[in-house]
Colleague: 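Shown below is the structure under consideration.
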Amino acid sequence: MHSVSESVKQLLSGGGKDIPLFKVFMPESVMEPLRQVLFSGYIGEGPRVEEFEHQLTGWFGNSNVLALNNGTAAIQLALRLANVGYGDEVISTAMTCAATNEPILAMGGRIVWADIDPWTGNIDPKDVARKIGPKTKAIMCVHWGGYPCELDALNAIAAKHGIKLIEDACHAFGSTYHDKPIGSHSDFCCFSFQAIKEMTTVDGGALTCRATEDCQRGRLLRWYGIDRHAQRTDLRCEADITEYGYKFHMNDVTAVIGLEQLKYVGQTISRHRANAARYDETFKDLPTIKPLRYQKDRSSAHWLYTLRVKNRPEFMAYMSKAGITASQVHARNDTHTMFGEFHRPLPGVDEFTAEQVSIPVGWWLTPENVAYIIETVVKYDRR
Ligand SMILES: Cc1ncc(COP(=O)(O)O)c(C=O)c1O
């Protein structure tokens with residue numbers, strides 16, 4: 001009998017015999033730069049973080065980048081920069097990690113759920129438009145599995161009402177929308193470099209801002225509101241702190257891991273995409289198992305490959321018997337007790353939740369693994 005932590009480890013990092021749903025990518029080449037920074041005498045936020053941010057600007061097509069200690073911090077900082085405060089409403093999606101929505105509560109905000117498109121998992125702009133009210137301060141969207149939301153429509157709604165659009169792009173590093181990278185489209189865009197993401201710093205995150213002033217303010221707020229570059233006569237930070245901040249900054253140790261990961265992540269994402277393309281091709285005509293429906297004007301980095309199946313427990317058991325991990329990723333948020341007061345009908349979330357299941361798609365799959373997964377899914381479909 002496995003302990004809980006062993007079974008979770010097996011599910012998340014390929015510690016077991018099954019083909020895993022996720023796996024930590026960590027190149028051996030990280031060891032030397034890591035050793036250097038660890039013994040350099042400076043391991044806090046410093047030149048390596050600056051270098052990491054500089055390199056990220058290319059990936060995001062945006063020079064307003066803040067490296068942070070995780071994706072949840074990026075979301076909370078974005079909400080703060082959007083001036084979401086006590087009693088303000090944020091329209092958000094329930095089909096995501098709790099980390100998307102808990103920061104709204106942390107800011108004293110109220111959540112108004114908008115429904116999703118049950119064939120993408122992404123927030124439905126038409127429902128967002130219906131949910132706008134006098135207290136709405138921001139819209140939060142999540143690119144499910146890496147597939148970008150309807151950003152033109154969401155940005156148009158935000159602009160019309162003078163509110164902010166925040167993208168939770170924690171699944172979507174390397175995705176593009178209308179040929180431009182995710183990170184360059186909206187007021188704020190939040191990324192996670194948590195352990196099992198395509199690009200990891202063990203834990204880490206980043207925030208991109210459309211406005212340079214927001215980025216400058218965010219740079220202060222990520223470290224207690226203190227300007228790290230202000231002139232000092234001794235070690236104290238003497239300059240006046242004008243508004244409270246957080247301890248959300250990245251450090252040079254995690255930045256060094258990130259810098260090393262950036263050398264590989266393009267290749268990693270290409271492998272996710274190539275595997276997904278093989279699945280798309282084979283699964284598009286299956287009678288009972290349905291892939292999600294994607295448009296060609298955007299490209300997912302495919303952190304996930306999600307299918308819809310009528311009888312998920314049976315499908316998962318079938319895949320498990322074949323040695324392939326298949327699982328739901330994220331529980332719908334609206335049914336959690338902490339969000340109880342925001343409850344409302346969400347038929348798209350109901351439909352998606354009833355059938356969604358993700359199968360392995362990542363860089364760790366060999367061509368034989370991919371062929372075997374396809375064969376197993378097709379066999380299940382025809383059984
Ligand atoms: C959609 C989504 N949002 C936010 C987060 C939080 O990111 P982090 O774990 O880096 O805080 C995650 C984490 O996996 C996520 O999947």
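When a ligand or atom number is given, it counts from 1 through the structure's own listing order. Counting begins at 1 with the first residue of the sequence.
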Colleague: Who's the nearest protein heavy-atom neighbour of atom 13 (C) of ligand 1, and how far?
Modeller: Lys197 NZ, 3.2 Å
Colleague: Mind checking whether Phe342 and Phe339 have parallel, tilted or perpendicular rings, split at 30° and 60°?
Modeller: tilted
Colleague: Tell me if the NZ atom of Lys284 is crowded by more than 12 foreign heavy atoms within 6.0 Å.
Modeller: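 Yes, the 6.0 Å shell around NZ holds more than 12 heavy atoms from other groups.
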Colleague: Is Glu45 salt-bridged to Arg228, going by a charged N under 4.0 Å from an acidic O?
Modeller: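 Here Glu45 pairs with Arg228 in a salt bridge, since their nearest N and O are under 4.0 Å apart.
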Colleague: If you measure every N/O of Gly71 against every N/O of ligand 1, is any gap under 3.5 Å?
Modeller: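 Indeed, backbone or side chain, Gly71 has an N or O that close.
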Colleague: Only heavy atoms of Thr96, strictly under 4.0 Å: list the atoms of ligand 1 that pass.
Modeller: 1 (C)
Colleague: Quick one: look up the protein heavy atom nearest atom 5 (C) of ligand 1 and list residue, atom name and how far away it is.
Modeller: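 That would be Ala99 CB, 3.6 Å.
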Colleague: Near His336 NE2, under 6.0 Å, is it more than 12 heavy atoms from other residues, nucleotides or ligands?
Modeller: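 Yes, enclosed.
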Colleague: Tell me whether the count of non-hydrogen atoms from other residues, nucleotides or ligands lying under 6.0 Å of CZ in Arg383 goes above 12.
Modeller: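 Check passes, neighbour count above 12.
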Colleague: Using distance alone, determine whether Trp303 and ligand 1 share an N or O pair under 3.5 Å.
Modeller: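 Min N/O separation from ligand 1 is not below 3.5 Å for Trp303.
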Colleague: Could you check which of Gln76, Met95, Gln194, His171 puts a non-hydrogen atom nearest to atom 1 (C) of ligand 1?
Modeller: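 Nearest option to atom 1 (C) of ligand 1, by heavy atoms: His171.
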Colleague: Look at atom 3 (N) of ligand 1 and say which protein heavy atom is nearest, naming residue and atom and giving the distance to 0.1 Å.
Modeller: Asp168 OD2, 2.7 Å
Colleague: As an exercise, identify every atom of ligand 1 less than 4.0 angstrom from a heavy atom of Thr100.
Modeller: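 This gives 1 (C), 3 (N) as the contact atoms.
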Colleague: Of all the non-hydrogen atoms in the protein, which one sits nearest to atom 11 (O) of ligand 1, and at what distance?
Modeller: Thr72 OG1, 2.5 Å
Colleague: Going by the order shown, which atoms of ligand 1 are within less than 4.0 Å of some heavy atom of Gly204?
Modeller: 10 (O)
Colleague: Within the 4.0 Å heavy-atom shell around Cys97, which atoms of ligand 1 are there?
Modeller: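 Listed by number with element, the hits are 1 (C), 2 (C), 12 (C), 15 (C), 16 (O).
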Colleague: Evaluate the ring planes of His171 and Trp144, with Trp represented by its six-membered ring, and classify them as parallel (under 30°), tilted (30 to 60°) or perpendicular (over 60°).
Modeller: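 The rings of His171 and Trp144 stand perpendicular, inter-plane angle above 60°.
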Colleague: Numbering the atoms of ligand 1 from 1, which are under 4.0 Å from a heavy atom of His330?
Modeller: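 In order of number, 16 (O).
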Colleague: Determine the interplanar angle of the Tyr380 and Phe315 rings, folded into 0 to 90°, and report it as parallel if under 30°, tilted if 30 to 60°, perpendicular if over 60°.
Modeller: perpendicular
Colleague: Can Phe22 and Trp303 be said to form a ring-ring contact (aromatic ring centres under 6.0 Å, His included), step by step?
Modeller: CA-CA 9 Å; Phe22 299 112; Trp303 182 57; 4.9 Å; yes
